[in-house]
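First comes the structure, then the notes that go with it.
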Amino acid sequence: MPSYNPKVVEPRWQKVWEESKTFRTPDDSDKPKFYILDMFPYPSGAGLHVGHPEGYTATDILARYKRMRGFNVLHPMGWDAFGLPAEQYAIEKGVHPREFTQKNIATFRRQIKTLGFSYDWDREVDTTDPGYFKWTQWIFLVLFDTWYDRKLNKGRPISELPIPADVQAQGDKAIRTYRDGKRLAYQAEVAVNWCQALGTVLANEEVIDGKSERGNHPVVRMPLRQWLLRITDYAERLLDDLASVNWPEPIKKMQRDWIGKSEGAEIDFALSPSSVVLRPRTTDHGLRTTDYGLIRVFTTRPDTLFGATYMVLSPEHPLVADLTTPAQSAVVEAYQVAAAKKSDLERTELAKKKTGVFTGSYAINPVNGASIPIWIADYVLVSYGTGAIMAVPAHDERDFQFAQTFDLPIHPVVLPPRAWLEKTNVFAMLDKLGAGQANPNRETLHYNEAAVLKSVMPMLQSADPDRYKMIEHLYRHDIELFSECFADEGIAINSGSFNGQTTADFKRDITDWLAKERQGKRKINYKLRDWLFSRQRYWGEPFPILHEVDAEGNPTGAIEPLSLGDLPLLLPEVEDYKPTGNPEPPLAKAKGWLDVTKDGKRYRRETNTMPQWAGSCWYYLRYLDAKNDQAFCDPAKLKQWLPVDLYVGGAEHAVLHLLYSRFWHKVLFDRGHVPCAEPFQRLVNQGMILGEMEFTAFKETGDWVSAEQVNFDGDTALLKGTDVKLEIVKIDEDTVEKKGDSFFRKDVPNIRVDARAFKMSKSRGNVINPDKVVEQYGADSLRLYEMFMGPLEAVKPWNMRGVEGVYRFLNRVWRLVIDDRLETVKLLDAVQDVEPDKETQRFLHHTVQRVTIALDTLSFNTAIAAMMELSNHLTKQTVRSKSVLKTFMLILSPFAPHLAEEIWNALTVPPSPSGRGVGGEGTLVYEPWPTFDESLLNADSIEVPVQINGKVKSKLTVAPDIDKSALEEAARNDEKIKPLLEGKTIKKVIVVPGKLVNFVVG
RNA sequence: GCCGAAGUGGCGGAAUGGCAGACGCGCCGGACUCAAAAUCCGGUCCCCGCAAGGGGGUGUGGGUUCAAGUCCCACCUUCGGUACCA
C-alpha cells in the first residue's frame, strides 16, 4: 500500500474503533461532560443524502475535538423511524411497514458507519422499537395525568386539581368530566381533511386546492374526535425561556412569531333585541362566547371601538344559526357550505377578494349604542380569538377591503400623522386643484376631485388656506375619498371623551372603562393552537388509552389510561394497511386487539396513533440511558448529561420539532422528571446543499430566447407575461461566458442564460449519492469537502471538482510522510527526529492557533485552509520534523480521522522487520489537543503598509514590537514615501503599531 | 404583502473598521514523460503600459471616518420562512 488508499485505510480504522469500542462513552467519568447531538434522520428508502453528513461531520469534528480537549463527550445517533412513507409502501406492497423500516435503517446505519463518525453505537435508539415507544407512551400518560396550574405557572398531577364544590356535588361522573377537561392531553372534535374517494384522512400538505394530492379527489373538512395536547398553556413559558438559550436569533424569532402573542381586549357586544332569535345553545363548541345574546370579540385595538361599524363572525361560529334571519338563511347556509369546502390555505392565499354575507341581525356598539350589522365572512377564522371580530374599516386593512366590497360605512377614529396624510391620494388631489387658487376649472374635474373641492371650498376661499388643515378636515369628514387605510397608531378622533388621546393611552383607558362597565376585559391571545396529536394511521405509537363501552358497545365517555405495567402497548398485526374507507383509523380493523375487558368492565382501545413528532420529541433523553427498561432514563444520568450542549440540524425543524420538544421537556420538568427547563442549550442550523450549478438556455420555435424574458422555476419556462411554454436546453459551462452580472451564450450574442443551482431531487436527477463519493475518494475526502465548501450555516452548491481538490490535499499530506514508491507503509527518509526550524515552528503554532479558534467558532472551512497552508509549507522542506508532523496529524484528525490515525501510527510505532512495516493500532482519539505558544507566534520581522491618504504606497519591513514613534520615523524615511511627502503639508499621521502608518496630507 | 438571511474574481469562498480576493476549484505557462495520466514549479480581480509603474474595484446611490467588504440611511436583486391571527 504505497500510495494513499482510503479503501484500505478507512475500513481498517473503522474496524479498530468498532472492535475496541473507542467511542463508548462512560457515564462514570470525572471529566467534564459535553453533549453533542445531531437531529436524527428519518430512514427513507432513498438512503443517505449528502445533506445528512454535512451536519454529522460538523458535530463529529467537534466531538473528536472535545474529546482531545479532555471532555467526556456524548455523541449518539438513532432513527426517527415511524412515518408515512413506510406505511404507504406497506399499503402498496402488502408488507409490514416494520420490514421496510428495518431495511432502511440497516442501509442508513451502514452508510453512516462508512463515514467514520465517532458515535457511541451502544446508545442507538429507534423510535419504532417497543423498548423505546414504551416510554413515548409513558410520556403521553404523564401529559394525560397533568393539568396546568395558572397560579403556580406549572404543570401538576391531576390528583392535585382542585374540584369546585358545584362539580363535586354532581358526583363522580361530573368530577371525571371536569378532570378530563383540564388534562394536558384531551379529546375534542376537530375538523380534519376527509377524502371520501380515498377513504382516508389527509394531512394539510396532502391537500392541494381542496383536492387530494394523490388522485385529485375532493376533500372536505369534517369534525372528528381527536387527541390534542394543551401546548397553549405553555405558550408564555415557551416564549420567555427563549431568552435563556443560545440559538440563532432568526430561529428564536420564528418561534416567537409562531407562538404569536398579542395583547388587547375582549369586548362583548349585545345583540340588538329586535333581531335576535333567542334560543339556548345545546352544544359546547369550545368557544369562549358563553352567553347567548352576546357576541364576544377579541381586538388588539380597543381604542378603535368607536369606529366599529359592523361585525363579522366566522362561518363556523356557533351563533350564526341563531343570528340568521329567515330571509337570510338561504344565503348564509350556502356560504357556510362553500366555506367548509375550502382549506385554510385557499381561504387565505388564493382568496384575494373578500367574500361574505349578511346574517340579517344587528349588534349594539357598547360605547355609543349604535346598531351595527352582523356579517359572516371566511376572512375571520373560527380558531383564533373568539371567532368573531368588531370590524373597524377605517383602521384595519382587511375590514377596509371588506367594507369597500360591500359598501359598508367607514368611520375614522384615529387621526394619522401628518406625514401619512400628505402621501395620500387625496392630498395629491388637493395639490392638483392648486390649493389657494380661488377658481379651479370645474369642467375638467374628476368626480372625486369635485367632492374634495366641495368639502374644502370654504377653507380654500379663506384668507390663509392651510393644506394640512384641509387634508385633516377631509380625513375627518370625507374618509371614503381615501384609497388607503390607516392602521397604525395616531391620535383619537370621533371618540367622545377619549378624543385627543394617543393610541396607547386610549387602549389603557378604554380597557379600564370596559372592565368597570363589565363589557370587556384585558386579554392576551396566542396564535399558537393546541397540538393536534392523533393520526388516523397504522404506523405510529398506539395510544395507551382505553375507552369504556356499555353493553351495546357504545362508548360511555369514560377513559381509562393504561398503567406502566401494561406498556409497551404493541401495534396489532393486521391483514392489510389499507384505509378503512371511513374516518376510522386502520387499527379499528384489529378485532382481537380492539376489545378489552378489565375488572369486569368492557373497553375499546384507542385506534388513533401518535404523530411522527412524538418519538422525536424526547429521543435526546433516551440516548442517556438507551436500554433502561425500568424508567425512560435514570435520573442521575439526566442530571449528569443535560442539557444538550450543541444541537445541529436543518432549519426545516426551526419551529415545530423544536417547539414540541421544548413543550414536552417543560412538562417533564414540571413533573420532576428532568432537571432543567430547556433541553437544547445551543442550536446551530446547517445550510442546505444544492445540486451542481446548471446552465439553462431557452428556445421558442427554434429561436433562442434571452433569460430575462423568461419565467423559469426550474421545471417549466414561460415567456414572461404570457403562458407560452419554452423549450429548455441544458448547456455546458464551456459554452457560456460572463458579461457584467450574467452569463451569455458564447455563440449567440445577447442571449442570456439562466445559471443556478437547484435543490437536489430525484426528479431533477441532480442528487449526489454519498456512497459513490466514498467509493471514489473515500470518507475523509467527503467529510473534508463538506466542511470546506463554505460556512456550515450557508446554502451552497455541490461541485464534484471540489471533492477532488480536498482529495488531492489528503494525498499530499500522505506523501508528506509516507514513501509512496515502496510496497509497504514506510516513512519517507525526509521524516526525521529533529527539531523544526524556527519558521516551521512558528508556522505550526500559528496553524494550531488558527485551527483551534476556527473550531471554537465552528468555522471549519478556514480551519481546513489553515492546514492546507501548513501542508504547503512542509512540502517544500527536504527534512521534516517528526514532532511537527505528529502535531499536524492531531489537529487534522477530527476532520480526516482515518488518514490521521494511519499516519499517526506510522509516526509513533517503530517499523517492524517484517510484514506491514509500520502501522500499529494505537488510536490518537484521546491524545491531548496540541497547544500553541503565543511567544512563538511572532515572526522576527513583519510587513507594515504605509499609506498616504488611505492608499497603500509602500511597505516597511520592521520588528514586530516596534514602537509607535520608531514606526512613524521609519515610514517617513522610506525611500518611496519620502519623495511623496516632499512639499506637502502633513495634516495628520495615524500610526497603529504592528498594523499600518497613514499620512494625511493636504 | 410581512419577516429573516445573503449579495466579494470564471466558481466555492477568506478578511477583530487597518495591505480586498487567504485556501481550494478552474484556467494559462513550464518541468518530468516517447506520450498521456498523476505529480511538481510559476502565473491568474479588471483597465492602461513592453516594462517600471499608474488607475479602478466587494449589488446600486448617498453618508460617517485618517481609513469602509465591514458602521449608518435609502434602494435593487436572490434565497428562505410565513400567510387575512383581529
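Lettering of chains follows the sequences in order, A, B, ..., and the numbering in each one begins at 1.
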Indicate, yes or no, whether a donor-acceptor pair under 3.5 Å links the base of B/C84 to the side chain of A/Lys354.
->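 Flag set: donor-acceptor pair detected.
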Main-chain N/O of A/Ala487 paired with A/Arg301 side-chain donor or acceptor, under 3.5 Å =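 Such a contact is found between A/Arg301 side chain and A/Ala487 backbone.
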Which residues pass the ring pair (Phe, Tyr, Trp, His ring centres under 6.0 Å) test with [X], sequence neighbours left out?
X        : answer
A/His846 : none
A/Phe298 : none
A/Phe743 : A/Phe695
A/Phe486 : A/Trp420

Identify the nucleotide, in any strand shown, that forms a Watson-Crick or G-U wobble pair with B/U77, with both distances under 3.5 Å; if there is none, say none.
->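 Its partner is B/A6 (Watson-Crick or G-U wobble, both distances under 3.5 Å).
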Listed pairs under 3.5 Å, donor-acceptor, residues 801-811 of chain A side chains, sequence neighbours left out:
{"residue": "A/Glu804", "atom": "OE2", "partner": "A/Tyr777", "partner atom": "OH", "Å": "3.2"}
{"residue": "A/Asn811", "atom": "ND2", "partner": "A/Tyr807", "partner atom": "O", "Å": "3.0"}

Without decimals, in angstroms, what is the distance between [X] [atom1] and [N] [atom2]?
X        : N     : atom1 : atom2 : result
A/Leu874 : B/C40 : CG    : C1'   : 16 Å
A/Asp732 : B/G10 : CG    : P     : 19 Å
A/Leu816 : B/C40 : CG    : P     : 11 Å
A/Glu54  : B/G12 : CD    : C1'   : 13 Å
A/Lys951 : B/G56 : NZ    : P     : 5 Å
A/His395 : B/C84 : NE2   : P     : 23 Å

Taking only nitrogen or oxygen atoms into account, show me every contact under 3.5 Å that the protein makes with nucleotides 72-81 of chain B, one pair per line with its distance.
none

Which one, B/A86, B/C11, B/G13, comes nearest to the side chain of A/Pro791?
->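 Closest nucleotide to the A/Pro791 side chain: B/G13.
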Of the nucleotides B/C11, B/G13, B/A86, which has the atom closest to the A/Lys796 side chain?
->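 The closest nucleotide is B/G13.
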Is the glycosidic torsion of B/G9 within 90° of 0, making it syn, or is it anti?
->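 That one's syn.
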Considering only nitrogen or oxygen atoms on both sides, find all protein atoms under 3.5 Å from nucleotides 1-3 of chain B and state each distance.
{"residue": "B/C3", "atom": "O2'", "partner": "A/Lys253", "partner atom": "NZ", "Å": "3.4"}

Set of salt bridge (charged side-chain N to carboxylate O under 4.0 Å, His left out) partners for A/Lys261, sequence neighbours left out |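 By the salt bridge (charged side-chain N to carboxylate O under 4.0 Å, His left out) rule, A/Lys261 matches A/Glu236.
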Could you encode protein contacts along nucleotides 21-33 of chain B as a string, one character per nucleotide from 5' to 3', using B for base contact, S for sugar-phosphate-only contact and - for no contact, with a heavy-atom cut-off of under 4.0 Å?
-> -BBSSS-------
Could you verify whether a donor N or O on one side chain and an acceptor N or O on the other, from A/Ser314 and A/Tyr379, lie under 3.5 Å apart?
->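 Note: A/Ser314 and A/Tyr379 side chains miss the donor-acceptor criterion.
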Does A/Val655 have any side chain to side chain contact (heavy atoms under 4.5 Å, CB included) partners at least two apart in sequence or in another chain, and if so, which?
->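 Only A/Met254, A/Trp258 meet the side chain to side chain contact (heavy atoms under 4.5 Å, CB included) criterion with A/Val655.
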Please name all residues satisfying side chain to side chain contact (heavy atoms under 4.5 Å, CB included) with A/Thr862, sequence neighbours left out, ordered by chain then number.
->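 Partners of A/Thr862 under the side chain to side chain contact (heavy atoms under 4.5 Å, CB included) test: A/Ala854, A/Ser859.
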Contact nearer the 5' end of RNA chain B, comparing A/Thr300 with A/Ala794 =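 The residue mapped nearer the 5' terminus is A/Ala794.
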Could you check A/Asp741 against A/Trp258 and say which one's nearest nucleotide on RNA chain B is further toward the 5' end?
->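 The residue mapped nearer the 5' terminus is A/Asp741.
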Close N or O pairs between protein and nucleotides 16-19 of chain B (under 3.5 Å):
{"residue": "B/C19", "atom": "O2", "partner": "A/Lys955", "partner atom": "NZ", "Å": "2.6"}

